[in-house]
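Below is one structure, written out as structure tokens; the observations come after it.
Atoms considered below: every heavy atom in the structure, side chains included; atoms not considered: hydrogens, waters and symmetry mates.
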Amino acid sequence: MTRAPAEPYLTSFDATVERRDGRDVVLSETYFYAESGGQPADQGTLENAPVADVQKRDGEVVHTLDPESVPDFEAGDTVVGRVDEEFRTYCMRAHTASHVLYGAGRRVLDDLGYGGFDIGEEKVRVDFQTSTDVNDALLVELERLTNRAVWDSLPVSWEEVLKSEAMNRDEIAFNTKTEEGVLSDSDTVRVVEVADWDVAACGGTHVENTREIGPVTLLDRSNPGEGLTRVEFAVGPSAIRERTDEKRLALDAARVAGTSVADLPDEVARLSDELATLETELRDAKSQLVGATIEDLADETVSRDGREWLVGTIDGVGPNELVDRVQELAGDAADVVVLAGKDGATFLVVGTDGDVEAGDVVSDVTAEFGGGGGGSPTFAQGGGLSAEPEDVVRFLRE
């Protein structure tokens with residue numbers, strides 16, 4: 001088994017090669033972390049050969065060398081293993097940060113359970129099993145609590161505990177799906193504790209004090225499955241970069257809005273209300289425009305096959321804004337109401353009392369001018385016509 005979880009700060013060691021099968025190497029002992037529980041395998045070298053992967057197979061830790069390497073050692077040789085210290089440190093900080101975040105979740109989330117964990121190159125995720133809706137305010141509070149625990153420099157420790165004892169301790173968080181090896185055939189369970197903050201069964205590598213984690217920035221949340229909330233965060237340099245970007249964007253937005261960052265929410269709310277008012281006024285104005293257009297066309301109705309048709313053009317209004325009015329007017333202002341306009345390309349909107357099929361009207365027009373469309377017997381739309389609105393009106397009036 002790997003000694004990495006027990007002695008995570010040791011990154012250089014000597015070991016005997018027990019077996020080498022091509023690129024796969026098994027050592028007498030190793031301090032390389034084998035991928036498991038959401039934590040990636042350590043990087044590094046064995047003598048002159050880069051290690052591409054480390055996995056547990058049939059009770060052994062197998063180091064897979066880079067395919068381009070040419071190792072100069074065989075079984076029985078003593079080799080020097082060197083773990084990439086920068087990557088190991090990142091994983092230790094990120095993994096411990098996930099425990100601290102879970103500890104923050106214990107304080108603000110209901111029915112909390114551990115649903116999963118994964119360390120990526122730029123971000124880390126923790127899946128919470130919880131009935132609580134993690135909104136923006138809760139996300140900010142989780143970040144605040146996590147960074148406060150980092151600032152408080154809480155000691156972190158790990159020990160082997162009898163499985164029977166660990167399973168009876170309600171405060172210990174278990175994730176039997178991803179913490180591979182934690183609930184293995186062994187009689188003991190490795191328990192990691194952040195003092196007065198969190199305790200969990202875990203086989204990963206961790207720092208000895210939360211102050212070593214550095215800044216933590218929560219990035220986003222999502223719902224990967226029923227009852228699960230996924231929280232993604234950055235730690236260390238990437239967290240600093242994310243926080244700097246957020247501050248820059250906030251300052252840019254405040255400058256554009258002509259206010260301060262502190263007053264930005266109130267200003268955005270004011271502008272949102274103002275926009276809503278303007279949109280309402282615009283809808284009312286367009287509705288009045290449609291009404292005025294219909295009134296102007298009322299004296300220009302034509303008769304076709306014994307039915308009265310009101311056909312005309314309209315400017316400044318899109319097809320979606322005509323839907324309700326045309327359907328209301330069909331059968332009232334005329335048996336058939338057709339309005340044509342331009343919204344990029346020429347369109348037409350048709351409403352009827354049902355005796356004339358609205359879809360047939362659109363089909364006749366698209367057969368003449370191209371485009372497409374369709375609808376119900378009493379309402380239909382067409383668009384993409386290769387003609388001016390006046391050409392469509394002339395065609396329907398003739």
field: Rounded distance [0.5 Å steps], CD in E388 versus OG1 in T313
entry: 10.5 Å

Aromatic ring pairing F13/F32, orientation class (parallel under 30°, perpendicular over 60°, tilted between): perpendicular

query: Considering all heavy atoms of both residues, which atom of A201 and which atom of V189 are nearest to each other, and what is their separation?
result: CB-CG1, 3.7 Å

Side chain to side chain contact (heavy atoms under 4.5 Å, CB included) between L142 and V108, intermediate numbers included: CA-CA 8 Å; L142 284 170; V108 295; 3.6 Å; yes

statement: Taking every heavy atom of L264 against every heavy atom of A257, the minimum-distance pair comes out as CD1-CB, 4.1 Å

field: Validation row: V365, L396 side chains within 4.5 angstrom (heavy atoms)
entry: yes

- prompt: Are any of the side-chain heavy atoms of D136 and V140 separated by less than 4.5 Å?
  reply: no

Modelled atom types, side-chain donor and acceptor of T205 and Q39, under 3.5 Å: yes

- prompt: So, E160 versus T188: side-chain donor-acceptor pair below 3.5 Å or not?
  reply: yes

- request: Evaluate whether atom CG of N135 has more than 12 neighbouring non-hydrogen atoms of other residues, nucleotides or ligands under 6.0 angstrom away.
  value: yes

- request: Report yes if some heavy atom in the side chain of V326 is under 4.5 Å from a heavy atom in the side chain of V350; otherwise report no.
  value: no

query: Distance only, no hydrogens: is a donor on one side chain within 3.5 Å (strictly under) of an acceptor on the other, for T130 and D111?
result: no

- request: Measure the acute angle between the ring planes of H206 and W158, then classify it against the limits of 30° and 60° as parallel, tilted or perpendicular.
  value: tilted

task: Test side chain to side chain contact (heavy atoms under 4.5 Å, CB included) on V156 and V192 and set out the steps.
output: CA-CA 7 Å; V156 182; V192 176; 4.0 Å; yes

Within-4.5 Å side-chain heavy-atom neighbours: V80 and E47: yes

query: What's the verdict on salt bridge (Lys or Arg N to Asp or Glu O under 4.0 Å) for D220 and K123, showing C-alpha distance, side-chain angles and the deciding distance?
result: CA-CA 10 Å; D220 200 3; K123 60 185 179 181; over 6 Å; no

- prompt: Less than 4.5 Å apart, any side-chain heavy atom of V126 and any of F233?
  reply: yes

- prompt: Do T217 and R243 have a side chain donor and acceptor closer than 3.5 Å?
  reply: yes

- request: Taking all non-hydrogen atoms of both residues into account, name the closest pair between G351 and A330 and its distance.
  value: C-CB, 3.4 Å

- prompt: Does the cation-pi check pass for R106 over W197, that is, NZ or CZ under 6.0 Å from the six-membered ring centre and within 45° of its axis?
  reply: no

task: May I have the step-by-step check of salt bridge (Lys or Arg N to Asp or Glu O under 4.0 Å) for D152 and R148, ending in yes or no?
output: CA-CA 6 Å; D152 287 341; R148 181 59 203 231; 3.0 Å; yes

message: Go through it in stages, so that I can follow the logic: the residues are L65 and V51, the test is side chain to side chain contact (heavy atoms under 4.5 Å, CB included), and I'd like the CA-CA distance, side-chain angles, deciding distance and then a yes or no.
response: CA-CA 4 Å; L65 304 180; V51 176; 4.2 Å; yes

Point-to-point distance, once rounded to the nearest 0.5 Å, from OH of Y102 to CG of L109: 9.0 Å

message: I'd like to check F369 versus L348 (side-chain heavy atoms, cut-off strictly below 4.5 Å). Are they in contact?
response: no

message: Could you measure the distance from the CG atom of D42 to the OG1 atom of T2? Nearest 0.5 Å is fine.
response: 7.0 Å

Electrostatic pair R19:E60 at N-O distance under 4.0 angstrom: yes

- request: Could you tell me whether R230 and D127 make a salt bridge, using a distance below 4.0 angstrom between a side-chain N and a carboxylate O?
  value: yes

Residues R88 and E85 bridged, charged N to O under 4.0 Å: no

query: With respect to T229, which candidate in V134, D133, L139 satisfies the side chain to side chain contact (heavy atoms under 4.5 Å, CB included) definition?
result: V134

query: Rounded to the nearest 0.5 Å, what separation is found between the OG atom of S238 and the CG atom of L219?
result: 7.5 Å

field: P67 vs R23 side-chain heavy atoms within contact, under 4.5 Å
entry: yes

message: For the CZ atom of R125 and the CD atom of E232, what is their distance to the nearest 0.5 Å?
response: 8.5 Å

- request: Kindly indicate, with the supporting measurements, whether the criterion side chain to side chain contact (heavy atoms under 4.5 Å, CB included) is fulfilled by V100 and V216.
  value: CA-CA 10 Å; V100 177; V216 177; over 6 Å; no

message: On a heavy-atom basis, which atom in E143 and which in L218 lie closest, and how many Å separate them?
response: OE1-N, 2.7 Å

- prompt: How about L46 and F73: do any of their side-chain heavy atoms sit closer than 4.5 Å?
  reply: yes

- prompt: What is the minimum heavy-atom distance between A234 and E242, and which atoms define it?
  reply: CB-CG, 4.4 Å

- line: Rounded to the nearest 0.5 angstrom, the CD-OG1 distance for E86 and T11 is 12.5 Å

field: R20 with D77: basic N within carboxylate O range, under 4.0 Å
entry: no

- request: Please name the pair of heavy atoms, one in E208 and one in E212, separated by the smallest distance, quoted to 0.1 Å.
  value: N-OE2, 3.4 Å

- prompt: Is the shortest distance from a Lys or Arg side-chain nitrogen in R270 or D273 to a carboxylate oxygen in the other one below 4.0 Å?
  reply: no

